[in-house]
There are 2 protein chains.
Amino acid sequence: MLPEPLKVACASCNLRELCLPVGLHARDLAQLEGLVAKRRSVPRGEHLFRNGERFEALYAVRTGFFKTCVGSEDGRDQVTGFQMAGELLGLDGISSDHHHCDAVALEDSSVCVIPYDQLEDLSREFTVLQHSFHKIMSREIVRDHGVMLLLGNMRAEERLAAFLLNLTQRLQARGFSASSLVLRMTREEIGSYLGLKLETVSRTFSKFQEDGLMEVKQRQLRILDHEALQALVNDSHC
Amino acid sequence: MLPEPLKVACASCNLRELCLPVGLHARDLAQLEGLVAKRRSVPRGEHLFRNGERFEALYAVRTGFFKTCVGSEDGRDQVTGFQMAGELLGLDGISSDHHHCDAVALEDSSVCVIPYDQLEDLSREFTVLQHSFHKIMSREIVRDHGVMLLLGNMRAEERLAAFLLNLTQRLQARGFSASSLVLRMTREEIGSYLGLKLETVSRTFSKFQEDGLMEVKQRQLRILDHEALQALVNDSHC
DNA sequence: CGCTATGTTGACGGGATTCAAGGCTCGTGG
DNA sequence: CCACGAGCCTTGAATCCCGTCAACATAGCG
């Protein structure tokens, strides 16, 4: 592997089509040089930030995989999302200048640090950046509403099917296979995200395997029947 | 229907402390004159906008009460939120220039229309407005994560308790009583929001009444024991 | 090698849903 | 003014999906 690049540059980042700079042209991108000040690496299991900490920057995942979770006072814990390369972390912190969730690396990861006040400054200068940023926040809201639909209306099999389809779709957008993947999270974390207990997740995986929809060996997955999964999500409401 | 009101002015609106202009001073407010172009009234049961429609403006609730809901192709339907005076509708539309949910008035209502491109223009000029807007979007994300926690971890009683506490808190912020309220939505709509069936909502109301936590007569509520409700939400995880 | 975290599977119980019947409210029209 | 109907709400009984508890398997790591 090459030595760490000295300079961070969205212009030369292969995630620029997925990340904050979507829609910016070459000459606009040059203006972002100063925005993404530095990187930070987060070893597996470590926190990128914690609930209650002061909010100062957004983070764009560069490599690796994260989860975010909110917890109530009494120790309840809910995974609110999983983030992969090109996705933004920390948007919840804007509301009160403090983070409202924990962000934990599920594998050794690195992020680009985007100081928030600089982002506001720059987005006043560059309409395209401003609009991209707003779209990203809005997309997060839409995503959350989708999860609410899932948690409120679907049964265990449908939830897991929807989750897996979402995951493979995002992996595919990043150039990975749509059928073969390695889960970076535990059954318990999947369960927390989907509002299920880990045993139910495990059982549902086993059932999917019995039904020939996929091969499951621990965290190694091979999707055999995408359409059947899709049908599960759609045809359910019976 | 009445002729269109003459002039809309945030500066003279008694919702300005709750609505988009939070934090703006008198001289800044004057600049918003042009932003909130007009009002629109929405009779009970009518749509403010529908899923799929082109997104052009945000709406601030002026009077009345709304619900937003997303639906999947197969007719499943999930209420994603209830909005009262001072709250913003339509944020989900920014992501793709099309609305991603339906917004329906639950009583005769009126909204301020905020053309979105003008909001972007103005927020490039006024740092405070820009920041307020970002905070509002972020707050919506935080709220959604709270609902995910509720849907993923709580049992029926806790969900309804959390819902009622949230409702009374928002009503109180608007100068209403914290203990006496009229529900603007049906049991089915509450259930949809909370991931429960309407029968379960009804039964849980009855149980709360038996336990002396509140009086329930159809949609008329009187909260008798706020702290017991709060305890339900907190001490539950057992 | 043995410890710990994680994953699998079975048996059982419970909370919520489903199905069904009936009551309440309010608006409309006779 | 009152009857009537539609929408909304309440309540009961039966069912089922998922959670709980428990035992064991497997993987990763010092």
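Here is how names work: the chains are called A, B, and so on, in the same order as the sequence lines, proteins then strands, and each is numbered from 1.
Proximity note for A:Ser206 (side chain, C-beta onward) versus C:dT25, C:dT9, C:dG7: the nearest is C:dT9. Considering only the side chain of A:Ser202, C:dT8 comes nearest among C:dT8, D:dC18, D:dC9.
As rounded to whole Å, 19 Å separates atom C1' of D:dT20 from atom CZ of A:Arg187. Across the protein-nucleic acid pair, A:Gln218 atom CD and C:dT9 atom C1' stand 14 Å apart, rounded to whole Å. Distance A:Ile190 CD1 to C:dT6 P: 13 Å, rounded to the nearest Å. Note: NZ (B:Lys197) to C1' (D:dC16) measures 14 Å, nearest angstrom. In this entry the distance linking CG of B:Asn153 with P of C:dA16 reads 14 Å, nearest Å. Regarding B:Glu199, its CD atom lies at a distance of 9 Å from the C1' atom of C:dC19, rounded to whole Å. Atom CZ in B:Arg44 sits roughly 11 Å away from atom P in C:dC26 (whole-Å rounding). Across the protein-nucleic acid pair, A:Glu189 atom CD and C:dG7 atom P stand 8 Å apart, rounded to whole Å.
In this model, the phosphate group of C:dT17 is approached by a side-chain N or O of B:Thr200 to a distance below 4.0 Å at OP1 or OP2. Distances shorter than 4.0 Å separate none of the side-chain N or O atoms of B:Thr186 from OP1 or OP2 on D:dC8. In this model, the phosphate group of D:dC18 is not approached by any side-chain N or O of A:Arg203 to a distance below 4.0 Å at OP1 or OP2.
Among the atoms of the strands shown, only primed sugar atoms or phosphate atoms (P, OP1, OP2) are found under 4.0 Å from some heavy atom of A:Gly195. If you check every strand for non-hydrogen atoms under 4.0 Å, A:Leu198 touches a base.
Heavy-atom nearest nucleotides on DNA chain D were determined for A:Lys217 and for A:Leu196, and the one closer to the 5' end corresponds to A:Leu196. Residue-to-nucleotide proximity on DNA chain D shows that, of B:Val216 and A:Ala156, the 5′-proximal contact is made by B:Val216.
Here the OG1 atom belonging to A:Thr200 is positioned 12.5 Å from the CZ atom belonging to A:Phe205, to the nearest 0.5 angstrom.
B:Asn51 places none of its side-chain heavy atoms less than 4.5 Å from the side chain of B:His99. Put simply, the side chain of B:Asp225 does not reach to within 4.5 Å of the side chain of B:Met214, judged on heavy atoms.
Taking the six-membered ring for Trp and the full ring otherwise, A:Phe82 and A:Phe66 have centroids separated by 6.0 Å or more.
Between B:Ala162 and B:Val233 the shortest heavy-atom distance is N-CG2, 3.6 Å.
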